Amino acid sequence: MPVNYLQIQGQIQEKCQQARQNQAVYRERLEQAAALLTRYAADLDFLRQRVEDAQRADVSLRCAVPLNERLDTAVSPPNLAQLPLLLAADGSQINPNRHDSVEFAVINTGIFRILPAADLTPGEEAETQLYLLEDINNPAAPLTEEVVALRRDLNERRLLADRAGRETTRPVITLTDGPLELYREPRENQLFQQLFGEYLSVLQKTSQQEAVSAGYVDKPGSDLVIRLLELAADSRLDVKETTRRRPLGGVLDRVIFAGLLAPGQRSAVFVIQSSMAERFAAFDPALQPCFFYLNVGIHPERAWMARVEITRGVAEKPALLEALHAVLLQQCRQMGSKPYPYALHRAHEIALITRLEKEQIETMIARAMRAMGLEVGDKSAKQYHKDNL
Amino acid sequence: MTTTSPLQIGRLLRSTTSGCVIGCRASELNLPVFGGMVRIPLADGTQIYGLIHNIQIDDDGLIRQLITSDNVPPDVLLDNRNNRNVPVEIGVIFIGYAENGSISHLLPPRPPLSLDEIFTCTAQEVISFTGSGRFGYLRHILRAEDLPQAELLAAHIRQAGMFHRAQGDPGWVQSITRELVTLLRDDYDRLMSVLSAVGDVNLP
């Protein structure tokens, strides 16, 4: 039975109509946000104080805090004689599925090493980890999809720290797709604590090796700076009241910065205020997650924004920040009309596990289990029929 | 390219009784040439001979995206040539085989298997194969109407003719041309097309 296009058509019309009516409100909020950014651009101490007060009233507050640059800072692309070595990692996973004949998980991590613009063939490698039988059925630490995702993130960072340690040149930029800050749930169980601790240790190791840890967020949907501006705008209100209000709701940071940053320019660096970011800082103040926006587009009239997450240790070293800024632009510009770091795309290509590969792994496992006299189950009837659709 | 020692140019992707497709890395693409003779050794000692009739370089999403970039730096070029799994496919038409040292211009008894190695033919192998019998292998080329027959024959005659002349047999080119005239005498259009292409062959 196909999708009911008639119903979809009606719903599209209705929702577009609604959005059009809200457009005026959105535009007004956008203008307000831009004006607030200009108004409070230099009031860094006031903004920091405002966040501190709000955070005391609401511990779950998540927003940006200025580090040491004006809010409307626009830093032009650095002109470096030599671009730094770049190591990019991306992970792909097969989650355990009880409907399969054998329940297993795989994490495949692709590493791509490139010395940008040099006449050298880049390096690529993949590391694959299988989780099977006892790994899956451990009641004390069940291998849920969340845990697999957390292990994948940890593996990416662990491999990058390891490979960065082997390099003799400095600086080395290590890059992953997505934020450095972790959002994995549940956050309070023992396994999460253990893996999170390992993650922080790996970030610390990378930092101690004078390598940059950076996370690249393409088309970011965050409103951390907008939230900061809301706190600033409501300065006459009690902070408890302020944390509940979202007068600029719906406006995204990237829209504001798209109007501010020319192609190649980066924004000011901000610190992330959140309960998770605090845990990073508690482990090591140099690991506190920070970020900046970067216009990786090439056309002045069509900005393409990315959010780049870094650690505070990197944010406070201008030479490392410049190296990262330069190499990200160089990488994005290689991808022509769709700017995205070439190295990250290649790491993703290396890591990707196809459906065919999954089936082959399943066959390999079943064959080995049978050879050792272990019982292999059947695929669930539901899965069988789904596979034959 | 045909040398005095055989060079591996790739491995077999798929095959039929009349031809096969070889896969090779883009960085190794300087070895095979259009019209070049190749040899595929089978496990039982049989050697299958073929002619390269097509070299195809496929694209993918990333290549298409890189094209839109202002310039492609050397590291990206090398990455795509040496690392990425962008297939370079080489089409080969079988023209005969050798079994127990005896050359036949019939199709091979069985096709090669996936991942079998493919080598360029040495000058001596080309001379032995093309100098054996009465040019029976030409019918495989003339039967394959979807191939650029005239160009393929011209490329083959140029390559093999060079080796025969170096070996002291300058008459080989005239012999194969006469055979082509005989085989195509009832197909004037095709004959003219083939003779026109062969006429462009300038042996160095």
Side-chain angles (χ1 to χ4, degrees), chain A residues 77 80 82-88 90 108 110-126 169 173 218 263-264 296-299 302 304 326-354 356-357, chain B residues 1 7-16 20-33 55-90 111-118 120:
Chain A
L80 300 187
Q82 169 79 52
L83 288 168
L85 180 77
L86 177 61
L87 297 169
D90 198 28
N108 195 39
I111 303 278
F112 187 74
R113 177 191 183 279
I114 190 167
L115 187 57
D119 206 356
L120 290 170
T121 302
E124 54 175 13
E125 61 175 305
T169 57
I173 309 290
D218 188 27
V296 292
I298 43 177
H299 301 296
R302 193 165 181 269
W304 191 267
V327 81
L328 285 176
L329 284 182
Q330 188 268 355
Q331 287 286 297
C332 287
R333 284 181 178 165
Q334 284 169 30
M335 299 293 270
S337 58
K338 300 282 177 198
Y340 182 76
Y342 177 80
L344 265 186
H345 177 76
R346 290 286 289 112
H348 173 72
E349 252 188 6
I350 298 163
L352 191 69
I353 307 175
T354 62
L356 182 68
E357 285 168 331
Chain B
M1 181 187 284
L7 293 167
Q8 202 234 49
I9 55 168
R11 288 183 181 270
L12 191 123
L13 287 172
R14 53 188 179 272
S15 63
T16 65
C20 68
V21 176
I22 305 163
C24 84
R25 290 152 64 115
S27 56
E28 293 163 347
L29 198 56
N30 57 331
L31 294 175
V33 293
I55 300 174
Q56 185 169 323
I57 296 147
D58 278 344
D59 64 350
D60 67 1
L62 179 57
I63 299 286
R64 269 181 240 130
Q65 194 52 47
L66 289 171
I67 296 291
T68 68
S69 168
D70 284 343
N71 69 337
V72 180
D75 51 338
V76 172
L77 206 66
L78 289 167
D79 182 40
N80 280 274
R81 300 258 164 96
N82 298 333
N83 290 332
R84 292 192 70 244
N85 193 21
V86 181
V88 174
E89 295 192 353
I90 300 169
L113 299 174
S114 306
L115 299 180
D116 272 347
E117 289 180 297
I118 289 90
T120 55

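These numbers come from a predicted model, not from an experiment. Each chain gets a letter, A, B and so on, in the order its sequence line appears, and its residues count up from 1.
- Separation of atoms CG (A:Leu86) and OH (A:Tyr342) is listed at 12.0 Å; rounding is to 0.5 Å.
- Contact check for B:Glu89 versus B:Leu13: side-chain heavy atoms found under the 4.5 Å cut-off.
- With a threshold of 4.5 angstrom between heavy atoms, B:Arg81 does not approach chain A through any atom at all.
- Neither the backbone nor the side chain of B:Val72 comes within contact range of chain A; no heavy atom of the residue lies under 4.5 Å from a heavy atom of that chain.
- By number of non-hydrogen pairs under 4.5 angstrom with chain B, the leading residue of A:Pro339, A:Gly123, A:Ser337 is A:Ser337.
- If you measure heavy-atom distances from A:Ile114 to chain B, the contacts under 4.5 Å come from the side chain alone.
- To the nearest 0.5 Å, atoms CG (B:Leu12) and CG (B:Asp116) are separated by 6.0 Å.
- At a 4.5 Å heavy-atom cutoff, the contact between A:Leu115 and chain B is made by backbone atoms alone.
- Only the side chain of B:Pro73 comes within contact range of chain A, with at least one heavy atom under 4.5 Å from a heavy atom of that chain.
- Once rounded to the nearest 0.5 Å, the distance linking CD1 of A:Ile353 with CG of A:Asn108 reads 4.5 Å.
- With salt bridges taken as basic N to acidic carboxylate O contacts below 4.0 Å, none links A:Glu125 and A:Arg113.
- Here B:Val76 is the residue among B:Val76, B:Asn82, B:Leu66, B:Asn71 with the most heavy-atom pairs under 4.5 Å with chain A.
- Interface check for chain A: of the options B:Asn80, B:Thr68, B:Asn83, the most heavy-atom pairs under 4.5 Å are formed by B:Asn83.
- Between B:Leu78 and A:Asp119 there is a side-chain heavy-atom pair separated by less than 4.5 Å.
- For A:Pro116, the parts sitting under 4.5 Å from any heavy atom of chain B are the backbone and the side chain alike.
- With respect to the salt-bridge test (charged N to carboxylate O, under 4.0 angstrom), the residues B:Asp79 and A:Arg346 qualify.
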